Structures are given as C-alpha cells and as structure tokens.
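Being a predicted model, the structure only gives us computed values, none of them experimental.
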Amino acid sequence: MASLIDVASDERTARMVLSMLVEPNDPVTGRILSRLGAVETLWLAEHDGAVVGLSPVDAQVWRDHLSAPGTKELTARIDQAQQSGVRALIPGDSDGPTAVNELGEVAPYVLWIRGASSFSLTSDERSRHDHRRSGMHLIR
C-alpha cells in the first residue's frame with residue numbers, strides 16, 4: 001500500500017498534502033512542521049512512535065486527528081490542482097509574501113494561488129503606499 005511519502009516526497013508537495021489533511025492553523029501540526037519540515041511531518045503522521053514535543057498519548061491524538069483519504073485520492077487532488085492552473089506557494093519561494101513567515105507555527109502550510117504571484121513591493125512602491133495610507137488617515 002502506498003504511503004503519504006510516496007505521494008509527497010518533496011517539501012512543496014508534502015505541504016500541499018498537509019493542507020488537504022489538516023485544518024488550517026492547527027497549532028500542533030504547525031509546531032511539528034516548523035521544527036521538522038513537511039516531509040518529516042507526514043512521515044510522523046503515518047508511523048507510531050515519538051513526536052517531538054508531544055507525549056505518546058498526545059502524539060496518537062494528533063495522528064487520529066488527521067483525516068487521510070487514500071493516496072490515490074490525494075494524488076488525483078494534486079493533479080487536478082496543477083492542471084487547473086493553481087500553484088502552491090510555500091515559505092522560501094521568492095514570489096511569496098514574506099510577511100506570512102512572521103506567523104510562525106500558525107502560518108499557512110501552503111498558499112494556493114492562480115495568476116500573478118508577486119506579493120513584493122519595491123521600496124518606492126512601499127513608500128508611496130505608506131504615504132497614501134498616512135494621508136488617508138490624516139483626512140479622516
């Protein structure tokens with residue numbers, strides 16, 4: 001039988017799979033993910049044993065909390081997303097929003113996007129934006 005790691009052996013795909021298995025902002029998953037990465041988090045989800053920062057009982061509760069469809073269904077979902085033009089941004093992507101990283105353990109596992117993905121502003125654009133916001137604040 002195929003495992004989650006067979007479906008998601010790289011960080012991007014593993015984060016895509018995590019977003020399909022776990023509710024957003026799950027603090028336990030976020031903590032494990034931020035410490036170990038997505039591939040190792042998926043591996044721990046499928047295997048009994050110690051999970052960093054969790055008691056054995058809490059580790060089992062966390063594993064039971066994951067709603068894992070079959071690997072064929074996960075593969076089909078990933079293929080469908082890719083064929084529909086949806087992309088997945090993960091931390092470290094050059095065109096991703098860096099502010100998301102400040103959320104730490106509650107940061108999204110992945111950001112699903114379609115179309116342009118540049119979230120960065122040049123210093124000139126940021127300056128103009130800040131001045132406009134300040135001006136609007138003074139007008140009110």
Side-chain angles (χ1 to χ4, degrees):
M1 182 164 111
S3 71
L4 293 175
I5 298 302
D6 294 330
V7 173
S9 59
D10 63 277
E11 186 70 12
R12 181 174 314 279
T13 309
R15 283 175 173 270
M16 293 166 69
V17 168
L18 276 172
S19 77
M20 297 173 189
L21 302 179
V22 185
E23 289 294 318
N25 298 329
D26 178 67
V28 175
T29 303
R31 192 173 323 116
I32 297 166
L33 179 62
S34 68
R35 291 180 183 172
L36 302 176
V39 174
E40 183 70 15
T41 300
L42 284 180
W43 189 88
L44 288 171
E46 284 192 308
H47 295 87
D48 292 333
V51 176
V52 64
L54 297 179
S55 71
V57 171
D58 289 339
Q60 191 56 51
V61 169
W62 172 70
R63 286 184 183 100
D64 291 344
H65 164 84
L66 300 175
S67 58
T71 55
K72 285 184 181 182
E73 183 179 338
L74 285 170
T75 301
R77 288 181 187 180
I78 291 167
D79 290 343
Q80 181 182 16
Q82 291 171 337
Q83 290 172 5
S84 70
V86 174
R87 290 189 327 132
L89 288 179
I90 64 171
D93 282 349
S94 62
D95 56 348
T98 56
V100 170
N101 300 336
E102 295 174 18
L103 297 172
E105 295 174 356
V106 294
Y109 313 131
V110 65
L111 294 176
W112 297 95
I113 62 163
R114 180 177 288 161
S117 62
S118 179
F119 291 94
S120 61
L121 297 174
T122 66
S123 59
D124 288 342
E125 291 169 328
R126 190 178 1 253
S127 176
R128 283 193 305 266
H129 177 73
D130 289 343
H131 288 297
R132 280 190 216 122
R133 229 177 45 202
S134 297
M136 291 302 290
H137 180 68
L138 290 173
I139 292 170
R140 289 184 191 161

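- For residues 18-51, the ring-ring contact (aromatic ring centres under 6.0 Å, His included) pairs, not counting sequence neighbours, are W43-H47.
- A distance of 7.5 Å separates CG of D93 from CZ of R87, quoted to the nearest 0.5 Å.
- Shown here are the salt bridge (Lys or Arg N to Asp or Glu O under 4.0 Å) partners of D58, two or more places apart in sequence or in another chain: there are none.
- Distance check: I32 CD1 to T41 OG1 gives 6.0 Å after rounding to the nearest 0.5 Å.
- Every residue two or more places apart in sequence or in another chain was checked for a salt bridge (Lys or Arg N to Asp or Glu O under 4.0 Å) with R35, and none qualifies.
- R77 pairs by the salt bridge (Lys or Arg N to Asp or Glu O under 4.0 Å) definition with E73, not counting sequence neighbours.
- The nearest pair of heavy atoms linking A8 to V39 is O-CG2, 4.3 Å.
- Listed by first then second residue, pairs satisfying ring-ring contact (aromatic ring centres under 6.0 Å, His included) with a partner in residues 78-100 number zero, not counting sequence neighbours.
- With sequence neighbours excluded, the residues forming a side-chain hydrogen bond (donor to acceptor under 3.5 Å, both in side chains) with E11 are R15, listed by chain and number.
- Residue pairs satisfying the ring-ring contact (aromatic ring centres under 6.0 Å, His included) criterion with at least one member in residues 14-36, sequence neighbours excluded, are absent.
- Under the rule for a salt bridge (Lys or Arg N to Asp or Glu O under 4.0 Å), the partners of E105 that lie at least two apart in sequence or sit in another chain are R31.
- Using a 4.5 Å cut-off on side-chain heavy atoms (C-beta onward), L103 and P108 make contact.
- V51 and V61 sit in two unconnected hydrophobic clusters of ILVMFWY residues. Membership requires side-chain heavy atoms under 4.5 Å apart, directly or through other members.
- Here CG of L42 is found 9.0 Å from CG of L74. Values are rounded to the nearest 0.5 Å.
- If you take CG on L21 and OG on S19, they are separated by 8.0 Å, rounding to the nearest 0.5 Å.
- For T75, the side chain to side chain contact (heavy atoms under 4.5 Å, CB included) partners two or more places apart in sequence, or in a different chain, are V7, D79.
- With hydrogens and angles disregarded, no donor-acceptor distance shorter than 3.5 Å links the side chain of Y109 to the backbone of G30.
- Listed by chain and residue number, Q60 satisfy the side-chain hydrogen bond (donor to acceptor under 3.5 Å, both in side chains) test with D64 (two or more places apart in sequence, or in another chain).
- Partners of D10 by side chain to side chain contact (heavy atoms under 4.5 Å, CB included), not counting sequence neighbours, listed by chain and number: R12, T13.
- Remark: T29 pairs with D26, W62 by the side-chain hydrogen bond (donor to acceptor under 3.5 Å, both in side chains) rule, at least two apart or across chains.
- Nearest heavy-atom pair, A50 versus L44, reported as atom, atom and distance to 0.1 Å: O-CD2, 3.6 Å.
- Among all heavy-atom pairs drawn from G49 and A59, the shortest one is O-CB, 4.3 Å.
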